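Only one structure is covered here, and it is reproduced in the block below.
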Amino acid sequence: MAVLILAELNGNQLSEDATAKAVSAAKELGEVHVLCASSDCSGAAQSAAKLSGVAKVLCIDSGVFGNGMAEPIADLVVSISDDYEHIIAPATNSAKNILPRVAALLDVMVITDITAVVNFNTFERPIYAGNAIQTVESSDQKLGSFLLFLSGWKIKSQRQTDQS
Amino acid sequence: MKVLVPVKRVIDYNVKVRVKADGAGVDLANVKMSMNPFDEIAVEEAIRLKEAGKVDEVVVVSIGVEKAQETLRTALAMGADSAILVVATDDVHNDIEPLAVAKILKKIVEKEEPGIVICGKQAIDNDLNATGQMLSALLGWSQATFASELSIEGDKAIVTREVDGGLQTIKVNLPSVVTVDLRLNEPRYASLPNIMKAKKKPLDVVNAEDLGVDVSPRLKIKNTGEPEARAAGIKVGSVDELFEKLKEMGAV
């Protein structure tokens, strides 16, 4: 099933670095679709389409989303969530504002600050301010929404193959 | 108007976290526990709003083990008016997930009818940063996360938010859920007379089951381990050498 990535936007510009990192992590989980929702965001959508690994870009150009407010964007994500098994965003403050709201509306748990993908529903994340690393498995049937730690993420299975 | 402040009992922020050798989690037995620092800031802000005459009553609520009563007494000693404890587990190692917490808080909000909920942006144990946003979603209220300034004017709240690379000031309609960041205020210490007085303030105890909320976890914790130790640094003799090293690492 496809993966939805919430593009990180700075105004109506794409934050390429953050979004690209989320894309490269999400590629392992399925076909990557990127959502750009803002006012006048066609430029951002074009840039997102150029990122390696992106299969499709959804561009929703409306003033409602212009200030990046959580309430309308969360409703929008929920409205298209049926087609996706994972909803992912880079772990920025703006995504942390939105994704837990999406998760609650879909009755799933959010997993924040993922540093490694073990498999499609198992992830590593730091707890106690990085003093311990937890491996968590989501038991939510349909959908998980995740935030990816901006720096230092790694795909575990791939890393293990690299070493062998 | 009433303000509701959820507080969490967590490992004290000064305590060095010890990861259990068998990967079963972090050792919380015989460890000093305190109020989550972000929640302390939320309690302080609620009390300041009361002192400024913007709200009439401060209600604090905690969800977890029975011992969280101590945390609630701390909030009462700071100046909160009454407290509610929702007992959801009898094992301190059993963390109640934000989704379940938000569902319980929703029930409490429906009963207490606050005009605003002020909570910490995240707990320093699981670092999930989700409860406030989830509660706001379940209630269908507005949300203002990561607040570094908060004022209430009539039926609106004006909140300065810490966003990536700057500050954003928004105006939200009440009722609203506000989550607070570190820079909002500096929490007060409870004075001895207030600690004594807090013992007489009302503290209701209810069970999560009685509220009809399923608190069973959605996330299964497979393992908890120590983070990888940081490798020692190296000294380089010249700029050229530094450049070589960076090149070797693929950093440039």
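Source: prediction; values computed, not measured. Below, chains carry the letters A, B, ... as their sequence lines are ordered, and counting in each starts from 1.
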query: Tell me, do A:Tyr128 and B:Ile124 make a side-chain contact under 4.5 Å, heavy atoms counted?
result: no
message: Just so I understand: if I count every heavy-atom pair under 4.5 Å between each of B:Thr224, B:Ile170, B:Leu135 and chain A, which residue has the most?
response: B:Thr224
- prompt: Among B:Arg18, B:Glu226, B:Glu97, which residue forms the greatest number of heavy-atom pairs with chain A at distances under 4.5 Å?
  reply: B:Glu97
Nearest heavy-atom neighbours spanning B:Val19 and A:Ala132: CG2-CB, 3.6 Å
message: On a heavy-atom basis, which atom in A:Lys96 and which in B:Phe146 lie closest, and how many Å separate them?
response: CB-CZ, 4.0 Å
Reported [atom1]-to-[atom2] distance for the pair [X] and [Y], which is rounded to 0.5 angstrom:
X	Y	atom1	atom2	answer
B:Leu99	A:Leu106	CG	CG	10.5 Å
A:Asn93	B:Asp181	CG	CG	7.0 Å
A:Leu105	B:Leu138	CG	CG	7.0 Å
B:Asn126	A:Gln134	CG	CD	8.0 Å
A:Thr112	B:Asn129	OG1	CG	6.5 Å

Select one option (side chain, backbone, both, neither) describing which atoms of [X] are under 4.5 Å from chain A's heavy atoms.
X	answer
B:Arg161	side chain
B:Lys121	neither
B:Ile11	side chain
B:Gln122	neither
B:Val17	side chain
B:Thr131	neither

Looking at [X], I'd like to know if its [atom1] atom is crowded, meaning that more than 12 non-hydrogen atoms belonging to other residues, nucleotides or ligands lie closer than 6.0 Å.
X	atom1	value
B:Glu186	CD	no
B:Asp90	CG	no
B:Asn185	CG	yes

- request: Taking B:Asp127 for its side chain and A:Pro126 for its backbone only, find out whether a donor-acceptor pair lies under 3.5 Å.
  value: no
Interface residues of residues 58-72 of chain A facing chain B - non-hydrogen atoms under 4.5 Å apart: A:Asn67, A:Met69, A:Ala70, A:Glu71
message: With no hydrogens and no angle check, just 3.5 Å: does a side-chain donor-acceptor pair link A:Asn97 and B:Gln143?
response: yes
- request: Using a heavy-atom cutoff of under 4.5 Å, enumerate the residues of residues 213-223 of chain B that contact chain A, numbered in order, or state 'none'.
  value: B:Pro217, B:Arg218, B:Leu219, B:Lys220, B:Ile221, B:Lys222, B:Asn223
- prompt: Which of these passes side-chain contact (heavy atoms from CB on, under 4.5 Å) with B:Met134: A:Val110, A:Asp107, A:Val102?
  reply: A:Val110
